Protein chains: 2
Amino acid sequence: MAATEGNGVAVRLADVAREAGVSPATASRVLNGSSRKPAEEIADRVRVAAQRLGYFPNAQAQALARNTAGLVGLIVHDIADPYFSSIARGVQQGLGENGVQLLLNSTGRDPQRELAAVRAFMSHRTDAILLAGSRSQQEDHELMEALRRYQDNGGRVAMIGQPLPAAGGVQLDNAGAAAALADELLKLGHRRFAVLAGDQSLATARDRVEGFVGKLRDAGVEPVAVREGAFTRDGGYHTAGDLVRDGLLEAGRQTCVFCANDVMALGTMTAVRERGLRLPDDVAVAGFDDIPTLGDMFPSVTTVRIPLEEIGRMAGEMVMEDGDARRLVVSGHPVLRESTRPVGA
Amino acid sequence: MAATEGNGVAVRLADVAREAGVSPATASRVLNGSSRKPAEEIADRVRVAAQRLGYFPNAQAQALARNTAGLVGLIVHDIADPYFSSIARGVQQGLGENGVQLLLNSTGRDPQRELAAVRAFMSHRTDAILLAGSRSQQEDHELMEALRRYQDNGGRVAMIGQPLPAAGGVQLDNAGAAAALADELLKLGHRRFAVLAGDQSLATARDRVEGFVGKLRDAGVEPVAVREGAFTRDGGYHTAGDLVRDGLLEAGRQTCVFCANDVMALGTMTAVRERGLRLPDDVAVAGFDDIPTLGDMFPSVTTVRIPLEEIGRMAGEMVMEDGDARRLVVSGHPVLRESTRPVGA
DNA sequence: CTGAAAGCGCTTACAG
DNA sequence: CTGAAAGCGCTTACAG
């Protein structure tokens with residue numbers, strides 16, 4: 001039989017009830033935990049019937065009757081990005097074993113698709129919507145409006161990474177962690193810095209750069225360059241190449257390059273190496289995120305570890321709780337490796 | 001007002017109909033594409049009313065009435081693993097812009113949780129279930145049974161990566177790609193090989209090793225070692241360390257180590273380096289998967305590229321089509337980089 | 001073209 | 001404790 005539309009021939013609660021010789025109401029109470037507890041003897045009959053018939057409750061019908069879907073929606077920029085996939089894993093953990101299912105939507109940073117995702121989740125009457133990743137405040141008016149209405153209807157909203165005025169969530173202290181990294185690098189003796197700032201229209205990139213440069217200035221150190229570029233591996237590769245071309249990175253004078261994320265640091269390392277400079281003697285490199293492969297690079301790469309999975313987990317737990325979504329801030333911490341070893345150390 | 005359960009106060013189709021002065025049937029036909037097309041003038045009134053009231057169709061109610069949920073379920077071992085997150089991204093692409101939403105479940109390779117995920121998806125009456133990643137054939141009896149029943153009820157099933165007797169899907173020619181890699185390495189002049197086989201209870205690992213070693217033997221070359229271990233970065237690290245300890249990897253005699261996946265190759269490189277051997281002069285290394293950071297390693301790492309995203313996309317498209325799910329095989333191809341440069345080349 | 005009515009599969013006050 | 005009945009929000013033959 002060819003697979004056609006839908007699932008109509010599935011066994012229904014009414015079938016189970018008939019098989020067990022009870023009413024649908026009773027069968028429902030036995031099978032789907034209610035406060036009313038039918039007699040053990042009857043309950044057994046129902047369970048046996050359900051088992052024999054291979055009954056699976058129709059979640060759609062339950063959602064309609066109960067007015068709660070058992071669904072939580074997660075919106076990320078790109079699920080193939082380790083940053084978001086780690087968060088996604090954490091979110092699922094945080095949701096726990098309550099049978100809540102995760103609806104995932106990966107939007108490619110497209111505001112139109114983000115809005116469409118929120119609307120789709122609203123249609124599916126998800127109990128909560130989790131939004132991960134920073135976005136520009138600009139064209140988000142419609143998004144905010146949709147989320148507000150969702151909340152008015154009892155939906156819970158939590159932001160992951162970037163705060164939102166009207167919603168709780170779990171955010172990262174990017175600025176503080178970047179400052180802590182700067183502090184460590186200064187302690188190591190670095191004094192000459194360049195900054196690959198990534199895309200400064202992203203709050204995440206901005207906060208990291210501000211935190212880092214701010215701490216430098218507190219110590220009376222001014223970076224020799226702060227360059228914007230794509231917030232990607234290629235962005236790091238090209239911007240670092242520019243720095244070499246412009247004579248800011250050169251042999252014999254160690255410069256510490258802070259990249260606003262790890263993939264930019266990887267691009268930087270390759271660009272620097274291709275131009276014949278030594279790592280870390282000529283160019284020291286630090287990133288941000290602690291993506292998985294960093295420790296196996298050569299030299300291993302200094303970065304800031306952020307507990308992505310935990311952030312996701314906390315957000316997941318948060319939307320499973322009662323009460324208003326709180327606002328939590330978690331901090332990352334510097335992980336010093338070989339790529340920032342000062343010359344002569 | 002505190003966010004409580006559910007979404008009950010949302011505006012309903014009946015509200016829109018009343019506002020527009022038409023019947024719910026007409027409103028439904030205007031708003032949710034039916035073959036019957038109401039008059040333009042009326043349709044406009046309905047659309048305006050829906051807009052003014054901020055109407056969102058209740059997907060649960062639609063699913064119940066239409067007997068199709070607009071949901072597809074994806075089951076992976078670990079969404080934080082780049083292998084699976086790339087597939088997940090592809091799947092979402094393959095689903096297209098039809099408004100179908102993705103239900104994601106990450107099971108941690110636990111057969112119990114896989115079964116629970118399938119059951120949950122069945123409850124939610126997903127139109128299709130996609131299973132990614134290989135699993136052992138053993139305790140899967142219950143799983144197979146559940147999937148069979150799902151299919152009997154009209155659900156579509158597609159496997160990603162590993163074939164399944166009763167279902168179509170997209171699989172990878174692991175053995176063929178591994179053989180192609182072996183061939184390239186032989187052409188480069190490598191003659192002394194060791195194999196880190198990973199967990200041989202996984203079909204994926206087994207196929208890769210068999211394909212690789214088979215091609216070697218065809219050329220009259222027997223590997224000096226084939227060692228099992230965890231299919232992880234640490235598995236590679238420890239197993240490679242053992243090889244050094246046992247004198248199979250040593251300075252001055254280049255051995256090419258084939259690792260059944262990339263993360264094992266990364267662990268291998270670090271282990272080898274820590275023991276003072278040179279890459280690739282003493283130890284050449286090749287992996288499998290082409291995870292993102294490989295090209296920025298030093299030396300850059302030879303591997304087999306598998307089009308994960310495309311595999312996911314094909315599977316997504318497949319379950320959106322009519323007719324029986326086909327069985328597609330896609331092949332990876334070797335990517336030669338610095339880590340397998342032969343001595344003297 | 002439009003609408004009244006039945007039905008999708010469950011849950012849950014309300015009676016008994 | 002158990003069941004009959006109404007209702008959740010939509011869709012769709014069936015009449016008109």
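Numbered from 1 within each chain, the chains take letters A, B, ... in sequence-line order. These figures come from a predicted structure and were not determined experimentally.
The phosphate of C:dC10 (OP1 or OP2) has no side-chain N or O of A:S28 nearer than 4.0 angstrom. Contact annotation: B:T26 does not reach the phosphate of C:dT2 (side-chain N/O to OP1 or OP2, under 4.0 Å).
You'll find that the side chain of B:Q62 is closest to D:dT11, out of C:dT11, D:dT11, D:dA4. Among C:dT2, D:dT2, C:dT12, the nucleotide with an atom closest to any side-chain atom of A:I42 is D:dT2. Closest to the side chain of B:Y55, from the set D:dT12, D:dC10, C:dC10, is D:dC10. The side chain of A:A65 has C:dT11 as its nearest neighbour among D:dG3, D:dT11, C:dT11.
The pair A:R89-B:D78 meets the salt-bridge criterion, with a side-chain N (NZ, NE, NH1 or NH2) lying under 4.0 Å from an Asp/Glu carboxylate O. With salt bridges taken as basic N to acidic carboxylate O contacts below 4.0 Å, one links B:R47 and B:E40. Salt-bridge formation is detected for the pair A:R12/A:D15: a Lys NZ or Arg NE/NH1/NH2 atom is positioned less than 4.0 Å from an Asp or Glu carboxylate oxygen. Between A:R313 and A:E309, none of the side-chain N atoms (NZ, or NE/NH1/NH2) sits under 4.0 Å from a carboxylate O, so this pair counts as no salt bridge. Taking 4.0 Å as the cut-off between side-chain N and carboxylate O, A:E41 and A:R45 count as a salt-bridged pair. The residues A:R326 and A:E321 are annotated as salt-bridged, a charged nitrogen and a carboxylate oxygen being separated by less than 4.0 angstrom.
Going from atom CG of B:L13 over to atom P of C:dG7 covers 20 Å, rounded to whole Å. Straight-line distance from the CG atom of A:L31 to the P atom of C:dC10: 10 Å, rounded to whole Å. Rounded to whole Å, atom P of C:dC8 lies 12 Å from atom CG of A:N58. Distance B:M122 CE to C:dG9 P: 15 Å, rounded to the nearest Å. Atom NE2 of B:H124 and atom P of C:dC10 are 13 Å apart (whole Å). Atom CG of A:N67 is separated from atom P of D:dC8 by 10 Å (rounded to the nearest Å). We find that CZ of A:R18 is positioned 12 Å from P of C:dG9, with the value rounded to whole Å. Between the CZ atom of A:R66 and the C1' atom of D:dA6 there is a distance of 18 Å, rounded to whole Å.
Sequence order on DNA chain C of the closest nucleotides to B:S23 and A:L64 puts B:S23 first from the 5' end.
Rounded to the nearest Å, the gap between the C1' atom of D:dG16 and that of D:dT12 is 16 Å.
For A:R29 against D:dG3, a side-chain-to-base donor-acceptor contact under 3.5 Å is present.
Pairs of Watson-Crick or G-U wobble type, with distances under 3.5 Å, assemble into runs of 3 or more in DNA chain D at these ranges: C:1-3 with D:14-16, C:5-12 with D:5-12, C:14-16 with D:1-3.
A donor-acceptor pair under 3.5 Å is formed between the side chain of B:R113 and the backbone N or O of B:S106.
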